[in-house]
Chemist: 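This is the structure I want to talk about, given as structure tokens.
Keep in mind that what you see is a predicted model, and the values were worked out from it rather than measured.
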Amino acid sequence: MDGTPWKLFLLSCLLLVGTCCAQDFGQTQFICTSVPKDMDLCTMQNSGPAEDLKTTVMQLRETVLQQKETIMNQKETIRELTSKLSRCESQSFPAAAAGGAGGRRPGAKNTMGDVSRGTMDTLAQLGQTLQTLKQRLENLEQYSRGNGSAQANSLKDLLQNKIDDMEKQVLSRVNTLEENKPGTRNDTDQRNRVESTLTSLHHRITDLEKGKETRPTDKFQLTFPLRTDYMYAKAKRSLPEMYTFSVCLWIKSNASPGVGTPFSYSVPGQANELVLIEWRNNPMEILINDKVAKLPFIINDGKWHHLCITWTTRDGMWEAFQDGVLRGSGENLAPYHPIKPEGVLVLGQEQDSLGGGFDATQAFVGELANLNMWNRKLSISEIYNLATCNSKAPAGNVFSWTESSIEIFGGATKWPFEPCRSLN
């Protein structure tokens, strides 16, 4: 064998060890390979699959670090949003009333879960009420264009200015929340101003609507859009003493848990003289002299239903009708106790005292119409006629559903309504 090529081979190995591999790689193993004379041995050593793998690892490491930084930023954002949400919830409007169901049950306060809403939710509901009033005002504007009246136009301008003021108050409250400025007293004062203005607006618009067209005074419904302790309607007259009664109404609600209190009648010394209430997850109940009977009604499906309840003091016998059909009956409900006179009839709230002591947790949420009351027991055919809007249906002789018989407070709204034509 010629010695010259073998010498070149050995020299290549020595050069590989002495020149390129002089770096500290720890414990290594050297492999000598025959290569052309003009190849850069160091370049060859630093290339190949090992270098590609190293590059890939570095790229992956950089990607992981970027993702970690993104996650940290997102966590910080979530922490800030959670903190803001907690501050908003802690500044919710204070409840103005305490106690539950006139003391008829221990722990009746705070029984309806959807009451503990945040301030922003309440402001949104107030905004909806304002929008309703604005829509009614726009309807009046369209009517006044074809029936020019200087007085109507001046009233319209006044109402528009008041609605604008109300929107500014709501916007001011939102700005205060965003700046996180606590102030319970300011909250209460502002809520009182809002309630007063909403009530005034409603009465003014109602007065305008009375002159707008001639329609039957019983073709209307009351809407209670949210659970509060200030939205309600009140009968202008008391009920007489009654040994027998029938009460019927149209009702629509999908509130949960419990639709609340469609109506309550209190007298001096007894807040629960006559109450219809669906409380918490319990079935609907009727209370007479604070005695309770459970009623077999299922109504919180967001549809209109007609309810009728009859009662007589003799043996305390009662019957319950839904949509014209007898659903249940019983006895021993406050037997031989007549319904007392000189009381206050309230729609939409449960009374813990005569004409007041409202608790938002027991407020009605939904729509009511055609509440009538008689001091006698209606027949099955009369109740069926009421539920089917028959022309022979009687009107209440103790309380009759007319616009002149009730007053509305706190932003509850009134809309045209005709039974059986407006259903569902």
Side-chain angles (χ1 to χ4, degrees), residues 129 132-133 136 195-196 198-240 242 245-253 259-267 271 273-277 304 306-309 339 341-351 353-358 362-375 386 393-419 422:
T129 302
T132 298
L133 293 174
R136 293 171 66 186
E195 294 172 15
S196 176
L198 284 174
T199 300
S200 175
L201 281 170
H202 171 78
H203 288 319
R204 286 298 188 93
I205 292 178
T206 298
D207 290 341
L208 284 177
E209 288 176 332
K210 285 181 179 178
K212 172 183 169 184
E213 57 181 332
T214 57
R215 70 167 186 263
T217 58
D218 62 337
K219 305 299 184 185
F220 70 98
Q221 69 181 52
L222 295 181
T223 299
F224 303 87
L226 69 158
R227 231 183 273 280
T228 73
D229 57 5
Y230 55 84
M231 283 189 183
Y232 67 102
K234 183 172 69 173
K236 294 182 178 180
R237 294 171 51 188
S238 177
L239 302 180
M242 295 185 293
F245 73 78
S246 300
V247 58
C248 300
L249 70 156
W250 286 96
I251 188 171
K252 178 181 180 180
S253 179
V259 303
T261 309
F263 71 83
S264 63
Y265 176 68
S266 67
V267 298
E273 183 68 4
L274 176 57
V275 181
L276 183 65
I277 183 172
W304 281 105
H306 187 263
L307 307 182
C308 270
I309 304 162
I339 302 299
E342 306 303 324
V344 177
L345 178 62
V346 169
L347 311 182
Q349 295 284 351
E350 194 273 338
Q351 304 173 65
S353 59
L354 186 64
F358 303 147
Q362 297 170 328
F364 174 72
V365 179
E367 299 164 77
L368 294 176
N370 289 81
L371 190 148
N372 286 274
M373 196 173 295
W374 298 260
N375 59 357
L386 285 166
N397 66 338
V398 169
F399 177 80
S400 181
W401 184 258
T402 61
E403 295 188 49
S404 60
S405 64
I406 60 175
E407 298 176 287
I408 303 172
F409 301 92
T413 55
K414 182 179 66 176
W415 293 94
F417 174 79
E418 288 193 43
S422 304

Chemist: So which heavy atom on Val267 is nearest to which on Pro341, and how close?
Modeler: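 Looks like CG1-O, 3.7 Å.
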Chemist: Under the 3.5 angstrom rule, does the side chain of Ser400 hit a backbone N or O of Ala395 as a donor-acceptor pair?
Modeler: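 No: the side chain of Ser400 does not pair with the backbone of Ala395.
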Chemist: Go through Phe263 and Leu368 one step at a time and tell me if the side-chain contact (heavy atoms from CB on, under 4.5 Å) criterion holds.
Modeler: CA-CA 10 Å; Phe263 71 83; Leu368 294 176; over 6 Å; no
Chemist: Search all heavy atoms of Val275 against all heavy atoms of Ser264 and return the closest pair with its distance.
Modeler: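 Heavy-atom minimum between the residues: CG2-CB, 4.0 Å.
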Chemist: Donor-acceptor check, side chain of Lys236 to backbone of Ser404, threshold 3.5 angstrom: yes or no?
Modeler: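 Yes, Lys236 side chain to Ser404 backbone: donor-acceptor pair under 3.5 Å.
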Chemist: Check whether any side-chain N or O of Ser246 sits under 3.5 Å from a backbone N or O of Trp374 as a donor-acceptor pair, and report yes or no.
Modeler: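 No; judged by distance alone, with no hydrogens or angles, the pair does not exist.
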Chemist: Looking only at heavy atoms, what is the nearest atom pair of Leu354 and Gly343, with distance?
Modeler: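 Result for this residue pair: CD1-CA, 4.4 Å.
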Chemist: What is the minimum heavy-atom distance between Leu239 and Leu345, and which atoms define it?
Modeler: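 Here Leu239 and Leu345 meet closest at CD2-CD2, 4.5 Å.
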Chemist: Closest heavy-atom contact between Leu386 and Cys248?
Modeler: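 Heavy atoms only, the tightest pair is CD1-SG, 3.9 Å.
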Chemist: Roughly how far, to the nearest 0.5 Å, is the CD atom of Gln221 from the CG atom of Leu249?
Modeler: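 Separation between the atoms: 12.5 Å.
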Chemist: Backbone N or O of Trp401 within a donor-acceptor pair of the Asp218 side chain at under 3.5 Å?
Modeler: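 Checking the backbone N and O of Trp401 against the side chain of Asp218, no donor-acceptor pair under 3.5 Å is found.
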Chemist: What's the shortest heavy-atom distance between Ser353 and Ser266, and which atoms?
Modeler: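 Distance-wise, the nearest heavy atoms are O-OG, 3.9 Å.
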Chemist: Side chains of Thr261 and Gln362: is there a donor and an acceptor less than 3.5 Å apart?
Modeler: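 Their side chains do not contain a donor-acceptor pair, so the 3.5 Å distance test is not met.
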Chemist: With rounding to the nearest 0.5 Å, note down the distance linking CD in Glu367 to CD1 in Ile251.
Modeler: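 Nearest 0.5 Å value for the CD-CD1 distance: 10.5 Å.
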Chemist: So Ile406 and Leu222, side-chain contact (heavy atoms from CB on, under 4.5 Å) or not? Walk me through it.
Modeler: CA-CA 11 Å; Ile406 60 175; Leu222 295 181; 3.8 Å; yes
Chemist: Please name the residue in the list Tyr232, Phe224, Tyr230 that meets the ring pair (Phe, Tyr, Trp, His ring centres under 6.0 Å) test with Phe409.
Modeler: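 Only one of Tyr232, Phe224, Tyr230 forms a ring pair (Phe, Tyr, Trp, His ring centres under 6.0 Å) with Phe409, namely Tyr232.
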Chemist: Hey, does the side chain of Gln351 reach the backbone of Val344 with a donor-acceptor pair shorter than 3.5 angstrom?
Modeler: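 Such a contact is found between Gln351 side chain and Val344 backbone.
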Chemist: Under the rule for side chain to side chain donor-acceptor pair (under 3.5 Å), what residues qualify as partners of Tyr265, not counting sequence neighbours?
Modeler: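 Once residues adjacent in sequence are excluded, the partners of Tyr265 under the side chain to side chain donor-acceptor pair (under 3.5 Å) criterion are Ser238.
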Chemist: With rounding to the nearest 0.5 Å, note down the distance linking CG in Leu276 to CG in Leu347.
Modeler: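 Going from CG on Leu276 over to CG on Leu347, the span is 11.0 Å.
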Chemist: Below 4.5 Å, heavy atoms only, C-beta onward: do Met373 and Met242 meet side chain to side chain?
Modeler: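 Of all side-chain heavy-atom pairs linking Met242 with Met373, at least one is under 4.5 Å.
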Chemist: Is the Trp250 ring parallel, tilted or perpendicular to the Trp304 ring (thresholds 30°, 60°)?
Modeler: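 If you compare the ring of Trp250 with that of Trp304, the planes turn out perpendicular.
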Chemist: How many angstroms lie between CZ in Phe364 and OG1 in Thr223, if you round to the nearest 0.5 Å?
Modeler: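 Nearest 0.5 Å value for the CZ-OG1 distance: 9.0 Å.
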Chemist: Could I get the full list of ring pair (Phe, Tyr, Trp, His ring centres under 6.0 Å) partners for Phe245, not counting sequence neighbours?
Modeler: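 So Phe245 forms a ring pair (Phe, Tyr, Trp, His ring centres under 6.0 Å) with Trp311.
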Chemist: Measure from the side-chain N and O atoms of Gln349 to the backbone N and O of Met231, and report whether any donor-acceptor pair falls under 3.5 Å.
Modeler: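 Yes, because the side chain of Gln349 sits within donor-acceptor range (under 3.5 Å) of the backbone of Met231.
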